[in-house]
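Count residues from 1 along the sequence.
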Amino acid sequence: MPKLLKEALSTRKALQKKPNIDLIKELSDEDVKALQGVFLEMLKDLDRVCAEHHITYMAAGGTALGAVRHEGFIPWDDDVDILMPRKDLDRFVEIFDGAMGEKYGLTSPNTKYMLESNISAIYKKHTRKVSFEAYNTPYPKGIHVDIFAIETVPMNPLVRRIKGTVAMGLQFIAVSTRFYHYRSAEKKRYFYQSTAGKINWNLRCVTGAMFSFLSYETWGNLFDRFVRGPKESRLWAVPTDIGHYFGHIMPKSVYYPPKKMKFEDMELYVPRDTDTYLRNQYGDYWTIPPVEDREKHYSVEFSLYSEEE
């Protein structure tokens, strides 16, 4: 596949430039430190609740990398990612209101809660962190921690290939219908800063228009049900990580049982074989990336306190 098309199919790669949009602000170093303080509070609450209810969780992505490489947050990191095996995520959803509902809100597919994306998330009430993608949507806008479901995947290579391909197609349709419904002039101008961005914008708008005979929620819930795997498998994956159904397929022993590592002033669970997990994600994860290659999430609003929930 040509490099330009690969970049166009990945929103993250298509939008490598800093947005030239007045609506967007970049968090200052002080903002990031304050944000990480809230994240640490949320992680402690999550760790406590999971321990009380015997729910397995583990840090994912940059949060796991921070634990290994920095014994805490990556200094510039402005989000937190968590993994939960499917049965544990289902259990977490069941106990959420009683265990965390006073302080936090939840979004999650195929539940009584709102479906924002195919990634579940807990939001701290009375905070504001509004992404550019979500500013004109009805979804919660607080500081949040993303929770990715770990799914079992078929052991048969042909069945796995077919299921993964269909899953990625369903995911693209679901995301595109949401993208199409909440498109705006500012978002179009953002995407049109690069050739790959223009292709990405038009491809998602066309796909979203074609499949908008069903709602985004319907497509999203369909994807979530489809990717759930067999009851038992020696292979696990994280299909809600966009475009990576195949990239994250690893033996169950890489993920489970998780182990605890120092993270700031607490201990946080991480995948059992952190080296294999992080090499799968990042390659040479010990090398600090140059400033221009460090991932950032631009915001429209940011506040540690808000009257809104």
Side-chain angles (χ1 to χ4, degrees), residues 27 32-93 95-96 99-100 103-108 119-124 127 129 142-151 236-238 240-241 244 248 250-282 285-286 288-289 294-297 304:
L27 298 184
V32 172
K33 291 298 292 183
L35 176 62
Q36 290 177 352
V38 176
F39 282 145
L40 188 60
E41 173 191 357
M42 296 177 75
L43 286 170
K44 289 177 179 179
D45 287 342
L46 181 69
D47 178 74
R48 173 183 54 79
V49 167
C50 288
E52 290 173 355
H53 293 272
H54 309 289
I55 293 171
T56 297
Y57 81 89
M58 61 199 84
T63 309
L65 176 57
V68 171
R69 197 172 67 191
H70 303 270
E71 295 190 341
F73 292 105
I74 297 172
W76 57 89
D77 204 4
D78 57 2
D79 69 350
V80 165
D81 297 326
I82 294 296
L83 299 173
M84 283 186 188
R86 169 57 68 179
K87 65 180 180 62
D88 293 279
L89 178 55
D90 289 345
R91 173 66 178 146
F92 180 77
V93 170
I95 59 91
F96 179 80
M100 303 186 78
K103 189 174 179 181
Y104 298 101
L106 177 68
T107 60
S108 191
I119 305 165
S120 299
I122 58 171
Y123 289 78
K124 186 179 180 186
T127 64
K129 187 175 185 293
I143 295 172
H144 64 280
V145 170
D146 287 329
I147 304 175
F148 294 79
I150 304 175
E151 307 285 3
W236 284 14
V238 189
T240 45
D241 197 349
H244 286 290
H248 292 314
M250 288 178 280
K252 176 182 177 179
S253 58
V254 171
Y255 294 99
Y256 189 86
K259 62 184 180 183
K260 276 203 164 182
M261 294 190 71
K262 175 177 170 54
F263 190 92
E264 303 295 340
D265 64 349
M266 68 176 292
E267 287 191 322
L268 192 66
Y269 280 106
V270 297
R272 166 61 57 178
D273 184 351
T274 52
D275 182 67
T276 297
Y277 173 78
L278 291 174
R279 288 189 185 280
N280 177 272
Q281 289 266 73
Y282 303 106
Y285 61 89
W286 287 107
I288 305 292
R294 295 174 184 175
E295 184 179 355
K296 291 187 177 182
H297 303 88
L304 297 183

Q: Start with the C-alpha distance between Ile74 and Arg294, add both sets of side-chain angles, then the distance that settles side chain to side chain contact (heavy atoms under 4.5 Å, CB included), and finish with yes or no.
A: CA-CA 10 Å; Ile74 297 172; Arg294 295 174 184 175; over 6 Å; no

**Q.** Test side chain to side chain contact (heavy atoms under 4.5 Å, CB included) applied to Leu106 and Met100, step by step
**A.** CA-CA 9 Å; Leu106 177 68; Met100 303 186 78; over 6 Å; no

Q: Starting at CG of Asp88, measure out to CG of Leu83 and round the result to the nearest 0.5 Å.
A: 11.5 Å

**Q.** Verdict with supporting geometry, Lys129 and Leu27, side chain to side chain contact (heavy atoms under 4.5 Å, CB included)
**A.** CA-CA 10 Å; Lys129 187 175 185 293; Leu27 298 184; 4.3 Å; yes

Q. Say you draw a straight line from CD of Glu52 to CD1 of Ile95; how long is it, rounded to the nearest 0.5 Å?
A. 8.5 Å

Q: For the pair Arg69 (side chain) and Tyr285 (backbone), establish whether a donor and an acceptor sit closer than 3.5 Å, ignoring hydrogens and angles.
A: yes

Q. Do Val80 and Leu43 come close enough that some side-chain heavy atom pair is under 4.5 Å?
A. yes

Q) So, for Arg86 and Ala149, which heavy atoms are closest and what is the spacing to 0.1 Å? A) NH2-CB, 3.7 Å

Q: Can you measure from OG1 (Thr56) to CZ (Arg91) and round to the nearest 0.5 angstrom?
A: 12.0 Å

Q.
I want to check something: taking the side chain as every heavy atom from C-beta on, are Ile82 and Phe92 in contact at a cut-off of under 4.5 Å?
A. no

Q.
Quick check: closest heavy atoms across Met266 and Leu40, and the distance to 0.1 Å?
A. SD-CD1, 3.9 Å

Q.
Please list all pairs meeting ring-ring contact (aromatic ring centres under 6.0 Å, His included) that have one or both residues in residues 37-68, counting only residues at least two apart or in different chains.
A. Tyr57-Tyr269

(Q) Can you tell me how far apart CG (Asp265) and NZ (Lys44) are? Round to the nearest 0.5 Å. (A) 3.5 Å

Q.
How close do Ser108 and Ser120 get, counting heavy atoms only, and between which atoms?
A. OG-OG, 2.7 Å

Q) Do NZ/NE/NH1/NH2 and the carboxylate oxygens of Asp45 and Arg48 come within less than 4.0 Å? A) yes

(Q) Whether the side chain of Gln36 engages the backbone of Asp77 through a donor-acceptor N/O pair (distance < 3.5 Å, no angle test) should be reported. (A) yes

Q | Minimal non-hydrogen separation, Pro271 against Ala64, with atom names | A | CD-CB, 4.5 Å

Q: Give the intermediate values and the outcome of side chain to side chain contact (heavy atoms under 4.5 Å, CB included) for residues Gln281 and Leu65.
A: CA-CA 10 Å; Gln281 289 266 73; Leu65 176 57; over 6 Å; no

Q.
Using every non-hydrogen atom in the two residues, find where Leu89 and Met84 come nearest and quote the distance to one decimal.
A. CA-SD, 3.9 Å

Q) Under the 3.5 angstrom rule, does the side chain of Lys33 hit a backbone N or O of Leu35 as a donor-acceptor pair? A) no

Q: Flag the pair Asp47 and Lys260 as a salt bridge only when some basic side-chain nitrogen lies within less than 4.0 angstrom of an acidic carboxylate oxygen.
A: yes

Q.
Any side-chain to backbone donor/acceptor pair from Thr63 onto Asp81? Under 3.5 Å, distance only.
A. yes

Q) Are there more than 12 heavy atoms of other residues, nucleotides or ligands under 6.0 Å from atom OH of Tyr256? A) no

Q: Report the distance from atom OG1 of Thr240 to atom CD1 of Ile150, rounding to the nearest 0.5 Å.
A: 9.5 Å

Q. With sequence neighbours left out, which residue pairs that include part of residues 61-89 fulfil the ring-ring contact (aromatic ring centres under 6.0 Å, His included) condition?
A. Phe73-Phe263

Q | Main-chain N/O of Asp273 paired to Thr276 side chain as donor or acceptor, under 3.5 Å | A | no

Q. Side-chain contact, heavy-atom cut-off 4.5 Å: Val270 with Lys259?
A. yes

Q | Where His144 and Met42 come nearest, the two heavy atoms and their spacing | A | CA-CE, 4.1 Å

Q. Does Trp236 reach the side chain of Val254, with side-chain heavy atoms less than 4.5 Å apart?
A. no

Q) How about Trp286 and Val68: do any of their side-chain heavy atoms sit closer than 4.5 Å? A) yes

**Q.** Pairwise side-chain contact, Val145 with Tyr104, heavy-atom cut-off 4.5 Å (strictly under)
**A.** no

